[in-house]
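Have a look at the structure below, then the notes.
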Protein chains: 2
Amino acid sequence: MAEFLDLHSKTTKALRALAETAMRRHGLHQGQDHLLAALWERDGSTPGEIAAALHVTTPTVVKMATRMSAVGLLVRRRDEHDNRLVRLWLTDAGRALRGPVEAERRSLEEKITAGLTETELRQLTTALAKIYDSARDLL
Amino acid sequence: MAEFLDLHSKTTKALRALAETAMRRHGLHQGQDHLLAALWERDGSTPGEIAAALHVTTPTVVKMATRMSAVGLLVRRRDEHDNRLVRLWLTDAGRALRGPVEAERRSLEEKITAGLTETELRQLTTALAKIYDSARDLL
DNA sequence: CAGTAATCGCTAGACGGCAAACGATTAGGA
DNA sequence: TCCTAATCGTTTGCCGTCTAGCGATTACTG
């Protein structure tokens, strides 16, 4: 009964736990690395843009930004031309995490996929992408 | 950069959203169907047992049980022989959801995997199981 | 040009999830 | 037998996530 969904769910929880302990080593909470990644890619993005990039709602980004701002990873600043907008800017501390965090993430991916051959991994990625597309269509 | 992890993360969010709207049709919140499933399988389980079955911590089950008890899906009762234990028992309302919820879950699984051939689905399941095993080992 | 509509970020409140600490009960050993 | 250790459920507090609703600013339209 719902074989794939159950397996996916279990895997998700295990991967989340791994990612969490990995990121905690750098003083981050689960998901905060993704927010940072968005800023590493485009510093000064707005909460709305980041939310779209992370497949998350705006309030989620707002809350995370507040906490991350409190620990000095980024700063909030209103846009000069459009006063509705807020832009998030990395601090030196936020920028400094890029190397270590990206390495950590690559390392995790490698460990996780170590048991698969190249072919298996390619097939897995392709099939999972199809699942993702189906899910998006049903949304 | 972390190709598989990113894809998996996106897919998880999409599937979660789908499962949530599906279960909301039956008045349930995300994950509550799993707790019910554990009781359908073995009514009178303890929070600890359910937590283990769901790959979740005990406090999570306790909170969910409190809410689900408030809406009349189950009842709490202390074990007669061991007063440390609490057992969760389904109400008629909780039992009545089994058919519809299981059908909903099967339907979702079918829709999600409709784009894959039998072979692709089998390969996907096998590969994902390997990922899961790797993750568990690293935990 | 004025007023309405659209766009944004934010707050409030709820839920699933976790770790840590607490209290009560039972089991086991000196 | 009594005292300690193990076992459980629960509480507390935090984080990520969502929906709904609010307030402010900008854009558009008559």
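Every chain is numbered from 1 and lettered A, B, ... according to where its sequence line falls, protein lines coming before strand lines. Keep in mind that this is a model prediction, so the values were computed, not measured. Note that these values count all heavy atoms, side chains included, but never hydrogens, waters or copies made by symmetry.
- Of the residues near DNA chain D, B:Gly48 and B:Lys63, the one whose nearest nucleotide (by heavy atom distance) lies more toward the 5' end is B:Gly48.
- Counting heavy atoms from C-beta outward, A:Glu109 and A:Ile112 have side chains that stay 4.5 Å or more apart.
- A:Ser107 places no side-chain N or O within donor-acceptor distance of the main-chain N or O of A:Ala103, the cut-off being under 3.5 Å.
- Here B:Thr60 reaches the OP1 or OP2 of C:dC18: one of its side-chain N or O atoms lies under 4.0 Å away.
- Of the listed nucleotides (C:dT25, C:dG17, D:dG16), C:dG17 has the atom at the smallest distance from the side chain of A:Arg16.
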**Worked check of salt bridge (Lys or Arg N to Asp or Glu O under 4.0 Å) between B:Arg95 and B:Asp92** = CA-CA 5 Å; B:Arg95 252 184 301 273; B:Asp92 289 342; 3.1 Å; yes
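- Atom CE of A:Met23 is separated from atom C1' of D:dG16 by 16 Å (rounded to the nearest Å).
- Under 4.0 angstrom from either OP1 or OP2 of C:dA14 there lies no side-chain N or O belonging to B:Arg67.
- Put simply, B:Asn83 has no side-chain N or O that comes within less than 4.0 Å of OP1 or OP2 on C:dA24.
- For the pair A:Leu39 and A:Ser45, the minimum side-chain heavy-atom distance is below 4.5 Å.
- Proximity note for A:Arg76 (side chain, C-beta onward) versus D:dT10, C:dC10, C:dC18: the nearest is C:dC10.
- Among the nucleotides D:dT26, D:dT11, D:dT19, the one closest to any side-chain atom of B:Val62 is D:dT11.
- Per the geometry, CG belonging to B:Leu85 stands 18 Å off P belonging to D:dA6, to the nearest Å.
- Aromatic ring pairs are classed by plane angle as parallel below 30°, tilted from 30° to 60° and perpendicular above 60°; the pair B:His8 and A:His8 is tilted.
- Distance, B:Asp79 CG to D:dT10 P: 13 Å, rounded to whole Å.
- A:Leu28 places its CG atom 20 Å from the P atom of C:dC18, with the value rounded to the nearest Å.
- Side-chain proximity of B:Met64 to C:dC10, C:dC18, C:dG16: nearest is C:dG16.
- Closest-nucleotide positions on DNA chain C for B:Pro59 and A:Arg78 were compared, and the one nearer the 5' end corresponds to A:Arg78.
- Closest approach to the B:Arg84 side chain among D:dA6, D:dA24, D:dG16 is made by D:dA6 (side chain taken as heavy atoms from C-beta onward).
- Of the candidates D:dC18, C:dG16, C:dC10, the closest approach to any side-chain atom of A:Val56 belongs to D:dC18.
- Between A:Arg24 and A:Thr46, it is A:Thr46 whose nearest contact on DNA chain C lies nearer the 5' terminus.
- The CD atom of A:Gln32 sits 10 Å away from the P atom of D:dT17 (whole-angstrom rounding).
- When the C1' atom of C:dT25 is taken as reference, atom NE2 of B:His81 falls 16 Å away, rounded to whole Å.
- Rounded to an integer number of Å, the gap from B:Asp82 CG to D:dA6 C1' is 12 Å.
- Atoms CG (A:Leu139) and C1' (D:dC18) sit 13 Å apart, rounded to a whole Å.
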